[in-house]
Amino acid sequence: MGNPCGPLAAQVLICCALMLVVSHQVAPAPSPPAPVTRRSFTWDVEYIMWAPDCQQSVMIGINGKFPGPTITANAGDLIRVEVTNSLHTEGLVIHWHGIKQIGTPWADGTASISQCPINSGENFTYEFVADKPGTFFYHGHFGMQRAAGLYGSLIVNGMDRQKEPFAGEYNGELSMLLSDWYHENVYAQSAGLDGKDKHWQWVGEPQTILINGRGQFGCSLGITRDRRACDRRKKDALCQEGDKSERCELIRRSECGPFCEGSQCSPVVFDVEPGKTYRLRIASTTSLSALNVQIQGHKLTVVEADGNFVEPFVVDDIDIYSGESYSVLLKADQRPSSYWISVGVRGRRPKTQPALAILKYTNSKPDSWPAGMPPETPAWDNVTRSKEFTYRIKAREKTARPPTTVDRRLTMLNTQNMFKGHIKWAINHVTLSLPATPYLGAYFYGIEAIAFDSSTESPDTYDRTYDIQKPPDGQAPAAKVPTTVSDRVFKIAHGAVVDVVLQNANALEAGVSESHPWHLHGHDFWVLGYGDGVYEHGRDSKALNTESPPLRNTVVLFPHGWTVLRYVADNPGVWAFHCHIEPHLHLGMGVIFAEGMEKLRELNVPREAITCGEAKTATLPLAPAMAPPPPP
Ligand code: C2O
Ligand code: CU
């Protein structure tokens, strides 16, 4: 369940950052920008029988379908989604990944953090402004509901399309939402992860990678690079009545396999016109897998990362971690025909076949498979190559630069630990557990003291005697810090400039350190730099990139390495910052920023969002802790 440390890669980072601790002028709480258009949706979330990879499973669907409907909006639009929970046995929430929720932190859709789960049979209305253009998605954020299929695309166009950078360079858009799929249901997955001692069970590798919710388990498409035994001729992939082969047994329970009309698992076909250029939007909401995308015979020009334009660069393939999104420009400049799109696993030894889709030029032979084998994605353990791709991402010229003075620096050591017979992930030796009362409600009603451990803050650094190259039990006695489980937070003052140093370390197994894609809610951050080994401020801060750091909402932390990011705490709310790998978050790999809570009373928090846990049962009469400001 890990990947060994890769060779060191030299990185070129420019300029130096002088980080002085200066206090900042506190700006007033932001108010949401005036809405232009309202876009309303009514969603019914329910269990559905679906065959995303030709094998039928129970999934969480929206309005009877998987994946959920794509939301398309313009920047500045007010998005309103009325969600009814028709799951009979569990609550739910929906998070709008990449949307900042400026002025609406209660609509962030994080259970125990920004709201109470919507109870079975009840409904809740999310209302928020699409604050900026970009390629985003939404997903469940309670338990492991994302891994159960509760997700979909969210695409925000510029208010004035033509004024967007690169707008003149493409003729059309294509969109690809990537995910991974397990045959074991999420209840079994989470029960395994919660197990003690020998009952602890890792989720393992996913069975299938999905492209827009479609994949083909094993050989069911009959085409793979790795399994020569799979015959790729169409007739061999069809199953006759009574065929007892393993592959046909698998397809049996799906309606009809990948090749019939209306199949839920037929490969996605992207139609393009010869000579035209397309903006291909790619987002990843995988539970576990880091992926690599490539298109047979075509180059890709990266132009957007997480809703921010980047300095364009040309590649053969892209790496994408869970929580990330990209736009690439794709020119249909090859001989009019069909071409394979391969999506393979990176960073972990794959046990999952690459996912396949088809790029089809109009007027090319109908229904023919692309010629040749699908392109082979790079070796899973070539970390140097992953670093090279990631380090190339630079902000586009006109992107806002980060402030140069920093108010607070947090260093977060990422470790895998044992805690009372359970395997956990911890940040500075603390593993996150979420309280019954959403933090936002606790602050709103002034009941922090009974709602969670508000006696102290989370530790903001770790003891440097800890050796990141060694497993926790290989540490020197002085560095053996016991792991604790806690729901403490970081309290961040409104307007503060915060630097976070993510420091990776060795996992429980010697010689193993994993990549973790860290995602921040409520903000974009600047990625100031990456490095191998231990981050040493005196030495490494000089090489950070403050001239052209890309703005993002998700960033990878490489094995045995560090990543530094900076954000401005200008958006009052309680925000999660966590590894986007679903089972890692489940095992405690995250922290909570309670940001600008002194401004919370200025926000209009709907009571139904936060009335659960102590906020429901407290004997004291509940009222907002501070009176709201008088009407103007
Ligand atoms: Cu897409 Cu908290 O995550
Ligand atoms: Cu992780």
Side-chain angles (χ1 to χ4, degrees), residues 8-27 98 100 132 134 165 302-313 321 324 326 386-412 460-461 490 492-504 516-520 522-558 561-571 575 577 593 595:
L8 301 189
Q11 65 167 323
V12 186
L13 289 169
I14 45 168
C15 199
C16 77
L18 249 187
M19 297 184 209
L20 302 169
V21 179
V22 189
S23 67
H24 274 254
Q25 276 240 293
V26 171
K100 296 205 197 73
K132 63 185 284 199
V302 180
V303 295
E304 181 216 330
D306 302 352
N308 297 287
F309 290 102
V310 299
E311 210 40 52
F313 61 101
Y321 298 91
E324 291 186 330
Y326 289 101
S386 293
K387 289 177 181 172
E388 275 164 13
F389 172 77
T390 303
Y391 296 175
R392 283 182 79 178
I393 303 165
K394 296 271 147 56
R396 210 172 152 266
E397 229 174 283
K398 285 175 207 128
T399 313
R401 295 222 187 133
T404 50
T405 54
V406 173
D407 300 310
R408 190 138 180 218
R409 185 178 312 112
L410 305 169
T411 306
M412 300 188 182
D460 61 9
T461 192
F490 289 104
I492 308 290
H494 182 61
V497 177
V498 181
D499 270 16
V500 178
V501 178
L502 287 165
Q503 176 66 61
N504 212 340
H516 304 281
W518 277 81
H519 170 62
L520 176 60
H523 300 273
D524 282 340
F525 48 72
W526 289 274
V527 181
L528 301 184
Y530 307 85
D532 298 312
V534 176
Y535 177 82
E536 300 222 26
H537 191 66
R539 175 192 70 204
D540 296 318
S541 62
K542 296 186 184 67
L544 296 176
N545 174 12
T546 52
E547 289 297 307
S548 59
L551 268 171
R552 303 202 68 157
N553 62 49
T554 305
V555 69
V556 60
L557 173 62
F558 285 113
W562 52 263
T563 298
V564 179
L565 54 95
R566 179 171 300 170
Y567 76 95
V568 181
D570 55 2
N571 189 13
W575 308 114
F577 179 48
F593 293 129
E595 173 183 326

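In what follows, residues are counted from 1 in the order of the sequence shown. Computation of the quantities below employed the complete heavy-atom set of this structure, encompassing side-chain atoms and omitting hydrogens, waters and symmetry-equivalent molecules.
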field: Validation row: T554, D306 side chains within 4.5 angstrom (heavy atoms)
entry: yes

- prompt: Atom CG of L528 and atom CG of D540: how far apart are they, to the nearest 0.5 Å?
  reply: 12.5 Å

- prompt: So which heavy atom on G495 is nearest to which on V568, and how close?
  reply: O-CG1, 4.1 Å

field: Any residue meeting ring-ring contact (aromatic ring centres under 6.0 Å, His included) with F593, in chain and number order, not counting sequence neighbours
entry: F490, Y567, F577

query: Mind checking what makes ring-ring contact (aromatic ring centres under 6.0 Å, His included) contact with Y326, not counting sequence neighbours?
result: F389

query: Below 4.5 Å, heavy atoms only, C-beta onward: do E595 and N571 meet side chain to side chain?
result: yes

- prompt: Can you name the ring-ring contact (aromatic ring centres under 6.0 Å, His included) partners of W526, sequence neighbours left out?
  reply: none

query: Any side-chain heavy atom of V501 within less than 4.5 Å of one from M412?
result: no

query: Are any non-hydrogen side-chain atoms of P549 and F525 less than 4.5 angstrom apart?
result: no

- prompt: Does the N545 side chain pair with the main chain of G529, one donor and one acceptor, at a distance under 3.5 Å?
  reply: no

L557/Q503 under side-chain contact (heavy atoms from CB on, under 4.5 Å): CA gap, chis, key distance, verdict: CA-CA 8 Å; L557 173 62; Q503 176 66 61; over 6 Å; no

message: I'd like to know if the side chain of E536 reaches the main chain of R539, judged simply by a donor and an acceptor atom lying under 3.5 Å from each other, with no hydrogens or angles considered.
response: no

message: Can you confirm whether the side chains of H519 and E324 place a donor and an acceptor under 3.5 Å from each other?
response: no

- prompt: Less than 4.0 Å between a side-chain N and a carboxylate O, is that true for K387 and D532?
  reply: yes

- prompt: Okay, side chain of S541, backbone of H537: is any donor-acceptor separation there less than 3.5 Å?
  reply: yes

field: Result of checking T546, V498, V527 against R566 for side chain to side chain contact (heavy atoms under 4.5 Å, CB included)
entry: T546

query: Given the rule in the side-chain contact (heavy atoms from CB on, under 4.5 Å) test, do Y321 and S386 qualify, once you have shown the distances and angles that lead to the verdict?
result: CA-CA 11 Å; Y321 298 91; S386 293; 3.7 Å; yes

message: If I compare all heavy atoms of R408 with all of I492, which pair ends up nearest, and what's the gap?
response: NH1-CD1, 3.6 Å

query: Does some side-chain heavy atom of S548 sit less than 4.5 Å from a side-chain heavy atom of E311?
result: no

Any side-chain heavy-atom pair of L502 and W562 under 4.5 Å: no

- request: Quick one: do T411 and D460 satisfy side-chain contact (heavy atoms from CB on, under 4.5 Å)? Show the steps, please.
  value: CA-CA 6 Å; T411 306; D460 61 9; over 6 Å; no

- request: Indicate whether any N or O donor in one side chain lies under 3.5 Å from an N or O acceptor in the other, for N308 and K132.
  value: yes

task: Using a 4.5 Å cut-off on heavy atoms from C-beta on, say whether the side chain of V555 contacts that of T563.
output: yes

message: Applying side-chain contact (heavy atoms from CB on, under 4.5 Å) to F313 and I393, what does each step give before you reach the verdict?
response: CA-CA 8 Å; F313 61 101; I393 303 165; 3.8 Å; yes

- prompt: So, do T461 and R409 sit near enough that their side-chain heavy atoms are less than 4.5 Å apart?
  reply: no

Side-chain donor or acceptor of R401 paired with backbone N/O of E547 under 3.5 Å: yes

